[in-house]
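What follows is a set of notes on a single structure, which appears directly below.
Everything numeric here is computed off the predicted structure, so don't read it as measured data. Every heavy atom of this structure was used, including side-chain atoms; hydrogens, water molecules and symmetry mates were not.
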Amino acid sequence: MMKSPVNPELSKSEREQMIHQIDTLAKQYQKENGRKPVIMEVCGSHTVALAQTGLKTRLDHAIRFISGPGCPVCVTDQSAIDQMISLVDQPGVILTTFGDMMRVPGSYATLMEKKQRGADIRIFYSPTEAVTIAENNPGQTVILLGIGFETTIPAILAAVREAEEKSVKNLQVYLSLKRIEPILSTLLNDPDLVVDGFILPGHVAMIVGERHFNFLNNRSIPGVISGFTLDEMLTSLKQYLDMLTAGTPGVINNYQAVVTAEGNPVARQWISEMLTPVKEAWRGLGEIPESGYAFTDRFSHFRVSSDLLTQTPHRVKKTGCRCGDVLTGKIQPLECALFDRICTPDNPVGPCMVSHEGSCSAAYEMKETIV
């Protein structure tokens with residue numbers, strides 16, 4: 001793991017100088033390789049940051065940016081969404097969820113549509129709110145939708161631990177969690193994907209630690225753990241291109257104020273104690289071994305009851321949505337025929353247009369700012 005100095009705030013002239021350096025390095029790569037360097041921003045928040053800072057537009061002539069699978073709502077498989085929605089058809093169930101899930105289309109409906117028809121669905125800002133709801137409704141089963149990457153997992157596990165400490169018996173958890181390492185390894189094994197390096201997710205790295213990404217060293221591909229401000233993004237892009245053009249790939253931690261070598265030890269201990277890796281289905285990618293999590297036997301009593309998981313026949317609704325191709329970097333959002341025609345934030349056809357971290361939503365909402 002290579003070290004990076006903590007970045008001071010850049011002046012306007014320093015930013016312009018750094019953009020010029022990035023542009024020069026990218027053109028050098030293009031001259032030597034016959035194409036632009038391709039960098040994947042793994043995290044949805046980086047996708048939004050690139051758009052909102054104007055960097056994506058400013059550097060579009062020099063770098064091909066592709067979005068990665070870091071938006072948890074976007075990568076949730078259609079079959080899982082259908083199953084979540086079907087849970088509210090069971091008598092005596094209160095479903096609790098982050099708000100992002102409400103408008104994600106399933107094959108038959110959305111959670112929002114179910115709520116409008118009378119289903120008891122409650123939005124939380126913290127998963128621990130589901131524990132309070134369970135305490136206040138002892139005669140009902142409260143289901144917590146556990147969605148997210150390593151960033152969100154500790155908050156979900158905190159709710160489970162609180163429920164156990166309070167002996168709350170009517171809280172169950174539907175897990176559809178995602179692990180960052182297996183998905184990046186899977187993408188790197190995809191012969192149809194061209195990617196020269198990663199802007200690595202700072203929030204995930206805060207939990208798992210910078211050493212977690214050492215597996216990229218064996219793939220000889222550069223990666224930079226980055227923050228989300230304009231200056232952090234600029235310095236990360238410069239470090240990435242320095243490695244790429246010099247042919248010295250590695251992993252740099254450019255978010256040292258937040259990310260340590262080992263990550264958050266308490267969160268990592270909870271994950272190790274309470275969860276075990278299992279195969280998980282990803283939108284556009286199918287099932288990937290050990291890319292998700294299930295409860296360990298010790299905490300398996302929090303798993304959503306199989307009696308509630310009625311198998312609603314899953315049918316693939318043919319909408320023309322290409323979220324799967326966007327998430328795997330094979331097309332840009334604007335290359336989807338539905339983008340800004342049928343599919344908009346007010347009428348999302350796929351999850352990439354629903355979440356504010358979604359690639360299509362970010363592309364739609366992109367506002368130019370002066371760098």
With [X], which residues qualify under salt bridge (Lys or Arg N to Asp or Glu O under 4.0 Å), at least two apart?
X: R179; value: none
X: R219; value: none
X: D60; value: none

Could you tell me the separation between the [atom1] atom of [X] and the [atom2] atom of [Y], rounded to the nearest 0.5 Å?
X: K114; Y: L111; atom1: NZ; atom2: CG; value: 9.0 Å
X: I153; Y: I207; atom1: CD1; atom2: CD1; value: 9.0 Å
X: L175; Y: L145; atom1: CG; atom2: CG; value: 10.0 Å
X: Y364; Y: L334; atom1: OH; atom2: CG; value: 11.5 Å
X: N189; Y: L184; atom1: CG; atom2: CG; value: 11.0 Å
X: M84; Y: S176; atom1: CE; atom2: OG; value: 4.5 Å

I want to check something: taking the side chain as every heavy atom from C-beta on, are [X] and [Y] in contact at a cut-off of under 4.5 Å?
X: F302; Y: Q172; result: no
X: L234; Y: L55; result: yes
X: I225; Y: N254; result: no
X: E232; Y: T229; result: yes
X: L241; Y: I39; result: no
X: E181; Y: V208; result: no
X: R103; Y: T110; result: no
X: V224; Y: M243; result: yes

Step-by-step side-chain contact (heavy atoms from CB on, under 4.5 Å) determination, L87 to Y174: CA-CA 10 Å; L87 286 169; Y174 181 97; 4.0 Å; yes
Check for a donor-acceptor pair, side chain of [X] on one end and backbone N or O of [Y] on the other, with a separation under 3.5 Å.
X: S86; Y: Q83; value: yes
X: T76; Y: P72; value: yes
X: S272; Y: R268; value: no
X: E14; Y: S11; value: yes
X: H20; Y: R15; value: no
X: S126; Y: E129; value: no
X: D82; Y: S107; value: yes
X: Q239; Y: I252; value: no
X: Q332; Y: F65; value: yes
X: T57; Y: G54; value: no

Hydrophobic cluster membership, M18 vs L237, 4.5 Å side-chain cutoff: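 Yes.
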Heavy-atom closest pair, residues [X] and [Y]:
X: V326; Y: C360; answer: CG2-SG, 4.4 Å
X: I199; Y: S226; answer: CG2-CB, 3.8 Å
X: W282; Y: P69; answer: CZ3-O, 4.1 Å
X: F339; Y: P333; answer: CB-O, 3.4 Å
X: P277; Y: Y293; answer: N-CD2, 3.8 Å
X: H46; Y: L200; answer: CE1-O, 3.3 Å

Validation row, ring centre F149 to ring centre H203 under 6.0 Å: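 No: the rings miss the under 6.0 Å criterion.
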Worked verdict on M101 versus V73 for side-chain contact (heavy atoms from CB on, under 4.5 Å): CA-CA 7 Å; M101 290 303 301; V73 170; 3.8 Å; yes
Salt bridge (Lys or Arg N to Asp or Glu O under 4.0 Å) partners of [range], not counting sequence neighbours, each pair once:
range: residues 31-52; answer: R35-D196
range: residues 330-340; answer: D190-K330
range: residues 272-287; answer: R161-E273, K178-E280, K279-E287

Evaluation steps, side chain to side chain donor-acceptor pair (under 3.5 Å), between S79 and D77: CA-CA 5 Å; S79 60; D77 190 65; 2.5 Å; yes
Aromatic plane relationship, H212 with F215 - under 30° parallel, 30 to 60° tilted, over 60° perpendicular: perpendicular
Chi angles and distances behind the salt bridge (charged side-chain N to carboxylate O under 4.0 Å, His left out) call for K12, E16: CA-CA 6 Å; K12 185 173 182 179; E16 288 298 332; over 6 Å; no
ring-ring contact (aromatic ring centres under 6.0 Å, His included) partners of Y29, counting only residues at least two apart: none
Throw together a table of side-chain donor-acceptor distances under 3.5 angstrom for residues 130-144, partners on residues two or more places apart or in other chains.
{"residue": "N136", "atom": "ND2", "partner": "T132", "partner atom": "O", "Å": "3.3"}
{"residue": "N137", "atom": "ND2", "partner": "I133", "partner atom": "O", "Å": "2.7"}

Presence of salt bridge, R58 and D23, under 4.0 angstrom: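 No salt bridge links D23 with R58.
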With sequence neighbours excluded, residues passing side chain to side chain donor-acceptor pair (under 3.5 Å) with [X]:
X: N33; answer: none
X: R64; answer: none
X: T276; answer: none

Contacts of R303 that satisfy side-chain contact (heavy atoms from CB on, under 4.5 Å) - sequence neighbours left out: F295, S300
Stepwise salt bridge (charged side-chain N to carboxylate O under 4.0 Å, His left out) test for R298 and E164: CA-CA 11 Å; R298 164 75 177 78; E164 182 164 78; 2.9 Å; yes
Intermediate values then yes/no, side-chain contact (heavy atoms from CB on, under 4.5 Å), E210 and T260: CA-CA 6 Å; E210 61 184 55; T260 64; 6.0 Å; no
Step-by-step side-chain contact (heavy atoms from CB on, under 4.5 Å) determination, M40 to L187: CA-CA 11 Å; M40 172 178 281; L187 291 177; 3.8 Å; yes
